[in-house]
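Here is the structure we will look at, set down as structure tokens.
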Amino acid sequence: MSRLAIDVGGTFTDVVELNPGTGALSFGKVPTTPDAPARGVMDAFGLAGSGTPAITMFTHGTTLGLNALLTRTGARTAVIGTKGFRDVYLLGRTDRRTNYDITYRKPPALLDRYDTFEVNERCRFDGSVHTPFDAEDARRVAAVVAERGYGSVAVAFLHAYANPEHELRMREVLAEVAPEVAVTLSHELSREYREYERTSTAVLDAYVKPIVHRYLRELEGELAGGGFRGRFLMTRSGGGAMTAQAAREQPVSLILSGPAGGVIGAAALSRLLDEPNLITIDMGGTSLDASLILDHEPVLYQGAEFEGLPINTPSLYIHTIGAGGGSIAWLDEADALQVGPQSAGAAPGPASYGRGGTAPTFTDAALVLGHLGSDSPLGGKLALDRELADKALQPIATRLGLATEALARGVVQISTMKIMGAVRAITVELGRDPKDFALLSFGGGGGLVAVEVARELGISTVIVPPGQGAFSAFGMLLADVQHDFARTAVTPLATLDAADADAVYREMEAAAVEQLESEGFGPDRRALTRTLDVRYQGQEHSVTVAFPDDPATFAAAVASAFAELHERQYGHTMDDPVEVTTLRLRATGTVDKPELPTVAERSSGEPRPAGTRRVYLSPDEPAVEYRVYTREELLAGDRVAGPAVITEHTATSVIHAGDSLRVGRYGELVISVNDRTGGQQ
């Protein structure tokens, strides 16, 4: 019996199989199939050595919903609000993020005013009914929705977080009048105040729901046809997992599901290696995701954004830029070289893939430089074509009067600078020093740039995990099933009654236990965690603290924890009164965690290179000899001095003169980065 995790990326679909009995892990890659996403997943299933019927648990991450948002190819969506509040979604907030850019325009909304409707009803903030639900008016609106052929509708009534009754009745009317339309109710995604954020979350969910629903239905059918009878989980943006059935109903939780797997794996590796603070960079085919691990835990935000559109659900803090292996090099109007964010994707892919692509990409540049080689097929199957890569780079090189190798060096340097910017955005710009972290690099392209990124930022250590090219998929094997519940309770801390709060938590806990039991998690597999959102009175931003166990010291314990966290996150504390804004509950269904297998130690001798490769560094050093090592042949305790290239089944890592690496007990590569001053940091 085995467990399988599959991460669908923009270019490749990564697969990791775990044999729980032996602890053996196997990693693989197959091409992503954008035209038929389920086919690529089934191709990945074909790599499972144990066969589909023997797989007891399948965990899946996908960018399907995210890609629909990026390309604006989701369902035609309507939004129904309270009479008089038709424009909540389109008006949004009145703040301006970029104050000094006269060319700035708000990102386009997912729908137009023509697609917004209102129904005569209204509840007050405390849940009491101000205007009863008008069923006839609701039927009128539902008839228009059906007549216009909308694929999806988001219902977001005023103060539905306090009283969801009217939204539930609206769903009944839609089921009667427009039964073919997918329906999202805002209170089922977020039981929190802030009307715009709750409405935006509902619209995003409705926009991707039909696409995700069709995909999961098709995939479940393919899996069943192949003999799969195990548990099917999807990773969610908040760092846990959810059942496929729950994902069909709340697809907004999947928008960052792919990148989340890598962060989950990074947190586990952080604890295993006793490296409490990590910067993670996950460089795939189309993008790079950067995140942080602080004190062995990922940074969790009680909300996220997509192109300025808020998603009011818990999410890991992941900063994404368009810098992947398929990022296209191009010249702007001033003939300045740019890289990305456009990507060659999986079809046709980089020119060197030999699949018809002609645009020069980061992968083509890395091949021309010698970082990649035709002798090391990607995923063990795809041999890169140096001649095609050179041909793709030639037009831009000619226009700039450069050799193709010099242009390739520029492409890699620009990508490195963009990645540095992403790292600075989650560290320096938030008051953290990158030098206080180790850099954990993974993804198919991470090892090609990690050392240079670390060097420029003053980071002394780079860690490359085993199976780096499919590490996000490995992280998915560690994901517990999670459900998040919340209730708005804006109350001064001094007057909040611990018993009243306990009653609200018990209500949420009853719903959580029912949900987890329906998903097969018994009492010994459940964990319920209470937290509070707390802020200074009159402030906008809050911090999340644990709910104290002792009612007698409730207020003092919350105030003390709040002050400590506020100091850590914002750098100061104040004497202002403190208030609670939200009561939160995280319900966790725990799954068995795989143990990362250790690798054998070398009894004698040193690692031997498999060959050499000539690498272009500059016009003065056009063909520097780099030793090539096969990672699968390295053993614990081995040391390799740069310059060297380490190839493996799913990725490649590069270290330069003065750098050195040591192989850890789990097969991780721990690289000491030369500081360019003649010594090691």
_Under 3.5 Å, is there a donor on one side chain and an acceptor on the other for Q482 and R236?_
no
*Y114 and R148: which non-hydrogen atoms are nearest, and at how many Å?*
O-NH1, 2.8 Å
*T590 and F521: CA distance, side-chain angles, deciding distance, side chain to side chain contact (heavy atoms under 4.5 Å, CB included) verdict*: CA-CA 8 Å; T590 58; F521 293 97; 5.7 Å; no
*How about D480 and T588: does a side-chain donor come under 3.5 Å of a side-chain acceptor?*
no
*asked:* Side chains of E249 and Q245 only: does a donor on one sit below 3.5 Å from an acceptor on the other?
replied: no
_Could you tell me if E167 and S186 have a donor-acceptor pair between their side chains, going purely by distance under 3.5 Å?_
yes
*To the nearest 0.5 Å, what is the distance between CZ (F12) and OG1 (T286)?*
12.0 Å
_Taking the cut-offs as 6.0 angstrom to the six-membered ring centre and 45 degrees off its axis, would you call R122 and F85 a cation-pi pair?_
no
*R191 versus A162, closest heavy-atom pair with distance*: NH2-O, 4.3 Å
*Side-chain donor-acceptor pair under 3.5 Å between S190 and N312, yes or no?*
yes
*Within the distance-only criterion (no hydrogens, no angle test), does the side chain of E509 pair as donor or acceptor with the backbone N or O of R530 below 3.5 angstrom?*
no
*Applying the salt bridge (Lys or Arg N to Asp or Glu O under 4.0 Å) test to R93, which of E540, E195, E197 qualifies?*
E197
*Is it true that a side-chain atom of D497 and a backbone atom of D500 form a donor plus acceptor pair closer than 3.5 Å?*
yes
*Going through the checks in order, is the ring-ring contact (aromatic ring centres under 6.0 Å, His included) test met by Y193 and F125?*
CA-CA 9 Å; Y193 73 142; F125 76 95; over 10 Å; no
*asked:* Assess, by modelled atom type and distance only, whether the side chains of D282 and S472 contain a donor and an acceptor separated by less than 3.5 Å.
replied: yes
_Test item: side-chain donor near acceptor, H130 and E121, under 3.5 Å_ = no
*asked:* Please determine whether ring-ring contact (aromatic ring centres under 6.0 Å, His included) holds for the pair F554 and F547, giving the CA-CA distance in whole Å, both sets of side-chain angles, and the decisive distance to 0.1 Å.
replied: CA-CA 8 Å; F554 173 80; F547 185 83; 5.3 Å; yes
*Non-hydrogen atoms of A486 and M508 that approach each other most closely*: N-SD, 3.7 Å
*Does atom CZ of R72 have more than 12 heavy-atom neighbours, drawn from other residues, nucleotides or ligands, at distances under 6.0 Å?*
yes
*Hey, can you tell me if F58 and H60 have their rings parallel, tilted or perpendicular (30° and 60° cut-offs)?*
parallel
*Give a yes or no on this: more than 12 heavy atoms of other residues, nucleotides or ligands lie within 6.0 Å of atom CG of D549.*
no
*Please check if any side-chain donor atom of H159 sits under 3.5 Å from a side-chain acceptor atom of Y161, or the reverse.*
yes
*Passes side chain to side chain contact (heavy atoms under 4.5 Å, CB included), E192 versus R198? Steps please.*
CA-CA 7 Å; E192 299 179 50; R198 188 162 47 82; over 6 Å; no
*Would you kindly say whether D289 and T320 are connected by a side-chain donor-acceptor distance under 3.5 Å?*
yes
_Show, in sequence, the C-alpha distance, side-chain angles and deciding distance for V252 and L254, and conclude whether the side chain to side chain contact (heavy atoms under 4.5 Å, CB included) test is met._
CA-CA 5 Å; V252 72; L254 304 179; over 6 Å; no
*Could you pull out the closest heavy-atom pair between T13 and A44, with the gap in Å?*
CG2-CB, 4.0 Å
*List the atom of C123, the atom of N163, and the distance in Å for their closest heavy-atom pair.*
SG-ND2, 3.8 Å
*asked:* On the six-membered ring of F133, is R171 placed so that its NZ or CZ lies under 6.0 angstrom from the centre and within 45° of the ring axis?
replied: no
*asked:* With salt bridge (Lys or Arg N to Asp or Glu O under 4.0 Å) as the criterion, how do E172 and R169 come out once you've worked through the C-alpha distance, each side chain's angles and the decisive distance to 0.1 Å?
replied: CA-CA 5 Å; E172 293 173 357; R169 292 188 63 186; 5.2 Å; no
*F117 vs Y150 aromatic rings, parallel, tilted or perpendicular, using cut-offs 30° and 60°?*
perpendicular
*Looking only at heavy atoms, what is the nearest atom pair of P310 and L204, with distance?*
O-CD1, 3.6 Å
*Look at atom CD of E514 and say whether more than 12 heavy atoms of other residues, nucleotides or ligands are closer to it than 6.0 Å.*
no
_Once rounded to the nearest 0.5 Å, what's the spacing between atom CG of L64 and atom CD1 of I211?_
6.5 Å
*Spacing of L478 atom CG and T59 atom OG1 [to the nearest 0.5 Å]*: 9.5 Å
*Would R526 and E517 count as a salt bridge (Lys or Arg N to Asp or Glu O under 4.0 Å) if you check the C-alpha gap in whole Å, the side-chain angles of each, and the deciding distance to 0.1 Å?*
CA-CA 9 Å; R526 296 196 296 257; E517 281 187 346; 3.5 Å; yes
*So, T116 versus R86: side-chain donor-acceptor pair below 3.5 Å or not?*
yes
*Do S152 and T77 have side-chain atoms, one donor and one acceptor, less than 3.5 Å apart?*
no
